Amino acid sequence: MKGSWALHAPCQGRDGFTVRDDQWKTRADLKRLCGPLLPTCGPCPFRAKCIATVKPAQAIFDGIAGGRLWCNGVVISALDDVFDEELAEPKLRATCGTEAGAKDHIRHGERPCPSCRQAVREMTARRNEAKAKEKTDQPEQLQLDFTTT
Ligand code: SF4
Ligand SMILES: [Zn+2]
């Protein structure tokens, strides 16, 4: 990893953050081999720099960078407190402006663009509305009282 900041990162001098191609076959292998090291990135203040340096999506990276576990350049696991802002700038895609577009950004190691974020917000609101309506449409459950028989 380049940059003097890397000397101060919690992973400095530690192995296992990436694996050789002949060491793994499946995502489960990667999770087993690298997953236990993911918490090391927890207190790291350089997550965004780490991702910008490793460029996991372009490099089709396998291993840990920026609080995320990547497999073939795609995030397969992440710490709970990661931020989209730590990811690369979004590229505009044909799917932009849809929920699928937001997923595409994430898959490519990018933060979702504004129109994809808007699409996700609208979709979430519609789902919540539908759920609320479903609840109010449900007929009241028949109450059977056997205590008086
Ligand atoms: S984010 Fe994780 S892998 Fe990257 S420099 Fe920090 S500790 Fe190391
Ligand atoms: Zn987009």
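We use all heavy atoms of the structure for the numbers below, so side chains are in, but hydrogens, waters and symmetry mates are not. Source: prediction; values computed, not measured. As the structure lists them, so they are numbered: ligands from 1, and atoms in each ligand from 1.
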Are side-chain heavy atoms of [X] and [Y] found at a separation under 4.5 Å?
{"X": "D104", "Y": "T98", "answer": "no"}
{"X": "E99", "Y": "E122", "answer": "no"}
{"X": "V54", "Y": "W70", "answer": "no"}

Work out how many protein N, O or S atoms lie closer to the Zn ion (ligand 2) than 2.8 Å.
-> 4
Which is it for E86 and C50 under the side chain to side chain contact (heavy atoms under 4.5 Å, CB included) test, yes or no, and what are the steps along the way?
-> CA-CA 9 Å; E86 294 162 347; C50 178; over 6 Å; no
The side chain to side chain donor-acceptor pair (under 3.5 Å) partners of D84 (sequence neighbours excluded) come to none
For T18, which residues count as a side chain to side chain donor-acceptor pair (under 3.5 Å) partner, sequence neighbours excluded?
->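 Testing T18 for side chain to side chain donor-acceptor pair (under 3.5 Å), a comparison that skips the adjacent residues, returns none.
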Record the part of A9 in heavy-atom contact with ligand 1 below 4.0 Å; permitted values are side chain, backbone, both and neither.
->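 For A9, the contact with ligand 1 is made by the side chain alone.
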Can you list the atoms of ligand 1 that are under 4.0 Å from a heavy atom of [X]?
{"X": "P10", "result": "7 (S)"}
{"X": "G66", "result": "1 (S), 4 (Fe)"}
{"X": "C44", "result": "1 (S), 5 (S), 6 (Fe), 7 (S)"}

Tell me whether C11 has at least one N, O or S atom under 2.8 Å from atom 6 (Fe) of ligand 1.
-> no
Check the hydrophobic clustering (I, L, V, M, F, W, Y; side-chain heavy atoms under 4.5 Å; chains of links allowed) and say if I76 and L79 are grouped together.
-> yes
What pairs with F46 under ring-ring contact (aromatic ring centres under 6.0 Å, His included), at least two apart in sequence or on another chain?
->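 Checked F46 against ring-ring contact (aromatic ring centres under 6.0 Å, His included); matches are W5.
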